[in-house]
J.: 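Got a structure for you, written out below as structure tokens; questions coming shortly.
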Amino acid sequence: MSTERREELALDADVLVVGGGPAATWSAVTAAGEGARVVLVDKGYCGTSGCAATAGMNNWFIPPDQQETREVAMRERYTMGAEMPDWRTMRRVLDETFRRLPELADAGYSFPRDDEGTVIYNHLQGPEYMRRMRRRVLKSGVKILDHSPAQELLVDGDGAVSGARGFRRQEAQDWRVNAAAVVLACGGCAWLSGAIGLNVNTGDGLLMAAEAGAELSGMEFSNWYGPAPVGGNVVKGFMYTYASFYYEDGSPLEGVPNLMVGRIAMAKALIDGPVYCRLDKADEAVQRLARVAQPHFFLMFDRMGINPFADRFPFRFVLEGTVRGTGGLRLIDDDCATTVPGLYVAGDTASREDLAGAMSGGGNHNAAWAISSGSWSGRAAARHASHSHSPRAVGQPRGIAALADGGAPAPPAHFDEVVRAVQEEVFPYERNVLRSESGMHSSLSVLQHCWQEVRDRAPDATAGRVRARETAALVAAARWAYTSAIAREESRGMHYRVDYPSPDPGPLQRVVSGGVDEVWAAVEPLREAERATA
Ligand SMILES: Cc1cc2nc3c(=O)[nH]c(=O)nc-3n(C[C@H](O)[C@H](O)[C@H](O)COP(=O)(O)OP(=O)(O)OC[C@H]3O[C@@H](n4cnc5c(N)ncnc54)[C@H](O)[C@@H]3O)c2cc1C
């Protein structure tokens, strides 16, 4: 990395897409297909960054002629999402994914076929998927800035988003893109838990948007923990459907038939002492298939000489936050528009409550959502840009916290300390799985202090700029999460309140939130119109 700061790189575009994962790449390809000039900026290298690039991904792909299968799948999702998913949204996602995913085959992705020769679209190999998506993005004329995280949005005099500013890490150069519309598709927030692929997912998009006045929704559904071996970071929920769990003395752990249903029991057991796991429900055929389909799952086990199908290994939960949660920026229409004009959102940066409700976890709908919300946001952003007559180069930066020109200089160690303080509030199962009003209030007072520690501090060196801003985003996301979780006075889906443990939740409600210095949350009824039933 060069240490000298260079002159700002300034670009004009119709649409700026922030992110480099599936949601961003589908959005960019779609916007370019509508005739828009598109710039895509990624914190990492587009095509290898983000959680999809590390994973084998199942996809919610059910052709419309398999109506019965669709209905069963939607019913399952509706139940799993604690009755919050919206039937119309589920149908739209299935339809859009069905329409768009086959384009990948045209782009050279080799989907397998079944014995009758029918193409199987339900599974994607993440690395190859994203490699193809990068090629598609470039082929469609989009300009990519790799290793160039966005740091703050630009907003014009009418309050509309008109671009963003960021930093090119390898060039040590600021960038500014003036654009008539911006799509935030930069993933969710996993609070730097170390889970595979998630360290770029620090909630930057949530912070940037909230600083520009956008609202969030469902941030209480941000406490998903994935299963992993102690010392390992590969989180593969599917493999643990074959698991049995044990106490240290070898006696079986009761009450955990699977990790969706047994999540609370597992958290309680992990608080009490070590838990061990063995994937002893996998027969030989499954074992053989797993080695082919999920090769990276076995790397750590092989290195340590553990056969996970035969040997017990120490088990833990790793926070995956909103990535396999459902909270994010609030959508106001079918186009993935946010509450701020000119700002669109896709993938895990968006609230997925309408699709996945109160429980996402593993599955296939996230991948389908990335494709469909990417497509809708890209199309809408391009159309917004084509109707926009406002001058573009007039936007003012709206970032508030931990920016290079933002306040008293602080060394990287200062921001690292704040990150650790936030993690101490969001990682522990006793705080974030077994939630209580008093526990969350106590966390919020620590987080308020953390916010003061980043609010008016600036990174003292170029190299610290990205982490400083990520730190502010982690603090902000934790504050929205707990403020929303206090407002939801019930247990629903992944949100469990020890002080409201009833398995019969109350009326259907949405918790919206926002604010950066003053964080707020409000409960709204889910309107009947949103609940179009089957
Ligand atoms: C291990 C694992 C397995 C999974 N398996 C499945 C599955 O089988 N099926 C399924 O449906 N879902 C699965 N998921 C979830 C799924 O991967 C995500 O929902 C999906 O990848 C979301 O896509 P995205 O583009 O929104 O985010 P991501 O894929 O996380 O991409 C985010 C992108 O934004 C970039 N970025 C971040 N901050 C900035 C910034 N400030 N500026 C610019 N760029 C930025 C990142 O570098 C990255 O490129 C899995 C998740 C994990 C972690």
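Start at 1 and go down the list; that is how both ligands and their atoms are numbered.
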J.: Using a 3.5 Å cut-off on N or O atoms only, is Asp204 in polar contact with ligand 1?
T.: yes

J.: Can you spot which of Val142, Asp12, Val15 makes a side-chain contact (heavy atoms from CB on, under 4.5 Å) with Arg37?
T.: Asp12

J.: Side chain, backbone, both or neither: which applies to His365 and ligand 1 if a contact is any heavy-atom pair less than 4.0 Å apart?
T.: backbone

J.: Is the distance between the ring centroids of Tyr240 and Phe315 under 6.0 Å?
T.: yes

J.: Salt bridge check: are Glu211 and Arg398 linked by an N-O gap of less than 4.0 Å?
T.: no

J.: Parallel under 30°, tilted from 30 to 60°, perpendicular over 60°: which one fits the rings of Phe298 and Phe309?
T.: tilted

J.: Which one of Val41, Val466, Asp42 has a non-hydrogen atom at the shortest distance from atom 47 (O) of ligand 1?
T.: Asp42

J.: Under 4.0 Å from a heavy atom of Ala367: which atoms of ligand 1 are those, numbered in the order shown and with their elements?
T.: 10 (C), 11 (O), 12 (N)

J.: Please check if any side-chain donor atom of Arg263 sits under 3.5 Å from a side-chain acceptor atom of Tyr225, or the reverse.
T.: no

J.: Could you label the plane-to-plane angle of the Phe301 and Phe297 rings as parallel, tilted or perpendicular, counting under 30° as parallel and over 60° as perpendicular?
T.: tilted

J.: May I ask you to establish whether Arg469 and Phe415 are in a cation-pi arrangement, using a distance under 6.0 Å from NZ or CZ to the six-membered ring centre and at most 45° from the ring axis?
T.: no

J.: Could you say whether the N/O atoms of Ser49 and ligand 1 ever approach to under 3.5 Å?
T.: yes

J.: Hey, can you tell me if Tyr121 and Phe61 have their rings parallel, tilted or perpendicular (30° and 60° cut-offs)?
T.: tilted

J.: Of the side chain and backbone of Ala55, name the one, both, or neither that has a heavy atom under 4.0 Å from an atom of ligand 1.
T.: side chain

J.: Closer than 4.0 Å to some heavy atom of Gly347 - which atoms of ligand 1 meet that?
T.: 26 (O)

J.: Ser377 and side-chain contact (heavy atoms from CB on, under 4.5 Å): which partner among Val183, Val345, Leu184?
T.: Val183

J.: Of Asp334, Asp354, Asp333, which is the lone residue that meets salt bridge (charged side-chain N to carboxylate O under 4.0 Å, His left out) with Arg92?
T.: Asp334

J.: Numbering the atoms of ligand 1 from 1, which are under 4.0 Å from a heavy atom of Val235?
T.: 1 (C)

J.: May I ask you to check whether Lys43 has an N/O atom sitting below 3.5 Å from an N/O atom of ligand 1?
T.: yes

J.: Closest by any non-hydrogen atom to atom 1 (C) of ligand 1: pick that one out of Glu470, Arg324, Met130.
T.: Arg324

J.: Are the charged groups of Asp405 and Arg165 less than 4.0 angstrom apart, N to O?
T.: yes

J.: Does the pair Glu152 and Arg176 meet the rule for a salt bridge (charged side-chain N to carboxylate O under 4.0 Å, His left out), with working shown?
T.: CA-CA 10 Å; Glu152 58 185 325; Arg176 173 190 177 107; over 6 Å; no

J.: Less than 4.0 Å is my threshold; does some heavy atom of Pro22 fall inside it relative to ligand 1?
T.: yes

J.: Mind telling me whether Tyr45 and His147 have parallel, tilted or perpendicular rings, with 30° and 60° as the class edges?
T.: tilted

J.: Which atoms of ligand 1 have any heavy atom of Asn58 under 4.0 Å away?
T.: 7 (C), 8 (O), 9 (N), 10 (C), 11 (O)

J.: With heavy atoms only and a cut-off of under 4.0 Å, state how Cys46 meets ligand 1: side chain, backbone, both or neither.
T.: neither

J.: What do we get for Val234 next to ligand 1 when only non-hydrogen atoms under 4.0 Å count, side chain, backbone, both or neither?
T.: neither

J.: Considering Ala24, Gly44, Gly328, Gly20 one by one, which has a heavy atom nearer to atom 33 (C) of ligand 1 than any of the others?
T.: Gly20

J.: May I ask you to list the atoms of ligand 1 that are less than 4.0 angstrom from any heavy atom of Asn364?
T.: 9 (N), 10 (C), 11 (O)

J.: Can you list the atoms of ligand 1 that are under 4.0 Å from a heavy atom of Glu320?
T.: 53 (C)

J.: Tell me the nearest of Pro149, Gly21, Ser27, Gly187 to atom 27 (O) of ligand 1, using heavy-atom distances.
T.: Gly187

J.: Between His365 and Arg77, does any side-chain donor sit less than 3.5 Å from a side-chain acceptor?
T.: yes

J.: Please confirm whether Ala368 comes within less than 3.5 Å of ligand 1 when only nitrogen or oxygen atoms on both sides are compared.
T.: no

J.: Less than 3.5 Å between some nitrogen or oxygen of Ala23 and one of ligand 1, yes or no?
T.: yes

J.: Ala370 versus ligand 1: do any nitrogen or oxygen atoms come within less than 3.5 Å of each other?
T.: no

J.: Ignoring hydrogens, just give me the one of Val323, Asn201, Leu124, Asn366 whose non-hydrogen atom is nearest atom 30 (O) of ligand 1.
T.: Asn201

J.: Has Gly56 got any heavy atom lying under 4.0 angstrom from an atom of ligand 1?
T.: yes

J.: For Trp26, does the six-membered ring have the charged nitrogen or CZ of Arg136 within the cation-pi criterion, i.e. under 6.0 angstrom from the centroid and within 45° of the normal?
T.: yes

J.: Side chain, backbone, both or neither: which applies to Leu198 and ligand 1 if a contact is any heavy-atom pair less than 4.0 Å apart?
T.: side chain

J.: Numbering the atoms of ligand 1 from 1, which are under 4.0 Å from a heavy atom of Val200?
T.: 37 (C), 38 (N), 46 (C), 47 (O)

J.: Using a 4.0 Å cut-off to any heavy atom of Gly19, which atoms of ligand 1 qualify?
T.: 34 (O), 35 (C), 43 (C), 44 (N)

